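Here is the structure we will look at.
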Amino acid sequence: MSQSPVSRPGVHGLIFDEPVLFDLGSPGRTGYSLPASPLPEVDPSSVLPAGEVRGPIDHLPELTELDVVRHFTRLSQWNFSIDGNFYPLGSCTMKYNPKLNEDMARIPGLAQHHPYVPDELSQGCLQLMYELQDYLKEISGMDAVSLQPAAGAHGEMTGMLVIQACLNARGETRHKVLMPDSAHGTNPASSALCGYDVIQIPSDAEGQIDMAQLRQLMDEDTAAIMLTNPNTLGMFEKNILEITEIVHSKGGLVYCDGANLNALTGVCKVGDTGVDVLHFNLHKTFSTPHGGGGPGAGPVGVKDFLKPYLPVPHIELVDGKYICNYDQPESIGKVKTFFGNFGVLVRAYTYIRTLGPDGIRKACEAAVLNANYIKARLKDDYHLPYPGPSLHECVFNDKQQLKHGVKTLDIAKMLIDYGFHPPTVYFPLIVKGALMVEPTESESKDTIDQFIAAMKTIAKEAETHPEKFHDAPYLPKVSRPDEAQAARQPVLRWKSIK
Ligand SMILES: Cc1ncc(COP(=O)(O)O)c(C=O)c1O
């Protein structure tokens, strides 16, 4: 048996010590049983050219099927998942993914439909995508939607390419994109990928875009502003109408990162606030799996004047038939094969159809209520750097705990021992030691109360036993991996020590 990476006598933690497969098994075990071959055995070197015959592979594990199944099942039980527990990761909207979504995505006619099947024989799939476009338009107030991008960041890049294509068509070459300093890292990355210089706008003392700075920075060389609403502090940009007016008055366009749409669905249409381009993160707002970086979906919505630049094909309804329209000479082209990640679209479609307009609004209201409940209950225990009104998430920091030498990372790590996934930490970057909590609408008051109780106990312990925090968490298999080293020098290959 290999040793657990962290050995703490007296602490039981998770239940198994699990070696790698190479350290399991014993000689002669197999995962199959086949009848004896009626053919004579042939020495490969007598029939294959020299150099083409592989020698024996040392230390290849010899295992039964059950060995392998149990190994992977045990490993899967170490995973933290939204199906297992509360996952209050701010900005990531880790809401529950209803199983009905999964059932629908597995319907053979949807799951096995080949994307090369002609339109006439793909009416069901095309209808689903057409209707999903319509629902997203209705929810957001945008005029046209492309479902093709495969993630939020991919949607951002697609949206910025659309803006660029529009400005090029106007004969304008602009070089800059304005962005609040609270922006998610993918925003500057997407703009830079499209060749723009990113100009930061500071946030004011209330956590809003500094309007004086915006007025000063916005000029005729600026292609767009890329903002998030509600912003990454969970606060609605209350000057949004004035912001969009300032940007438009200089010929620029307004891009809204829709990652936080869970705070607005059914209540406020982003399109009504003067936004020209918006991306949706279906895996946040519309309950599709996040899935370790993909496959996801980050559809892009635009106002009418930008529709010609959207990726092809446009899915349209013409004379009662759904068609893929490739005849879009001004389109930026394709950003993903076929229609994007269709299975994800089916799940989002199911979620929207299941909830309906009233349910969508209620989900949003519950998400905002849950976040504000947590904020109100924890505001005396953790510092609120921006105490103004917030929506679906709240951002605390470690100011009070730092007096005792306990940092945000320590708090997050300790929370693991209470059975909760830590909130998002150290983001947004404008908050020193940020702890960003987003409960979503999925959670019951019972669960939220348990989380609050854990956070309160942790705040007390930080005062009374700060030394306990430096080695937390005590229960999981791996306590404090060196994340920088893991990223810079990943050890991905097993080597025999025998
Ligand atoms: C505010 C914001 N914008 C953009 C993104 C990027 O979305 P994705 O992870 O789907 O690429 C995220 C992801 O966490 C986000 O929180």
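Position 1 is the first residue of the sequence; numbering continues from there. No hydrogens, no waters, no symmetry mates; every other heavy atom, side chains included, goes into these values. Here the structure is a predicted model, which is why all the values come from computation and not from measurement. Note that ligands are numbered from 1 as they come in the structure, with each ligand's atoms numbered from 1 the same way.
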Only heavy atoms count here, so choose which of Cys92, Ser182, Ser91, Pro230 is nearest to atom 16 (O) of ligand 1. Ser91
Between Phe342 and His113, ring centroids under 6.0 Å: no
Could you tell me whether Tyr116 and Phe338 have their ring centroids closer than 6.0 angstrom? yes
Arg170, CZ atom: more than 12 neighbouring heavy atoms under 6.0 Å: yes
Take atom CD in Glu245; do more than 12 heavy atoms of anything else shown fall under 6.0 Å from it? no
Using only heavy-atom distances, determine whether the side chains of Tyr351 and Lys95 contain a donor-acceptor pair under 3.5 Å. yes
Between ligand 1 and [X], is the shortest N or O to N or O distance under 3.5 Å?
X	answer
Ala259	no
Ala153	yes
Thr228	no
Thr232	no
Lys284	yes

Go through the steps to decide whether Ser390 and Lys375 satisfy the test side-chain hydrogen bond (donor to acceptor under 3.5 Å, both in side chains), and finish with yes or no. CA-CA 9 Å; Ser390 57; Lys375 185 175 168 185; 2.8 Å; yes
Are Glu156 and ligand 1 in contact, using a heavy-atom cut-off of under 4.0 Å? yes
For Phe80 and His421, take the angle between the two ring planes, folded into 0 to 90°, and tell me which bin it lands in: parallel under 30, tilted 30 to 60, perpendicular over 60. perpendicular
Could you tell me the residue and atom name of the protein heavy atom closest to [atom], and the distance to it rounded to 0.1 Å?
atom	result
atom 15 (C) of ligand 1	His184 CD2, 3.3 Å
atom 8 (P) of ligand 1	Gly152 N, 3.5 Å
atom 3 (N) of ligand 1	Asp257 OD2, 2.5 Å
atom 9 (O) of ligand 1	His283 NE2, 4.1 Å
atom 7 (O) of ligand 1	Asn281 ND2, 3.0 Å

Please report the C-alpha distance between Lys432 and Asp398 in whole Å, then the side-chain angles of each, then the deciding distance to 0.1 Å, and finally whether the salt bridge (Lys or Arg N to Asp or Glu O under 4.0 Å) criterion is met. CA-CA 8 Å; Lys432 196 162 172 288; Asp398 56 4; 6.0 Å; no
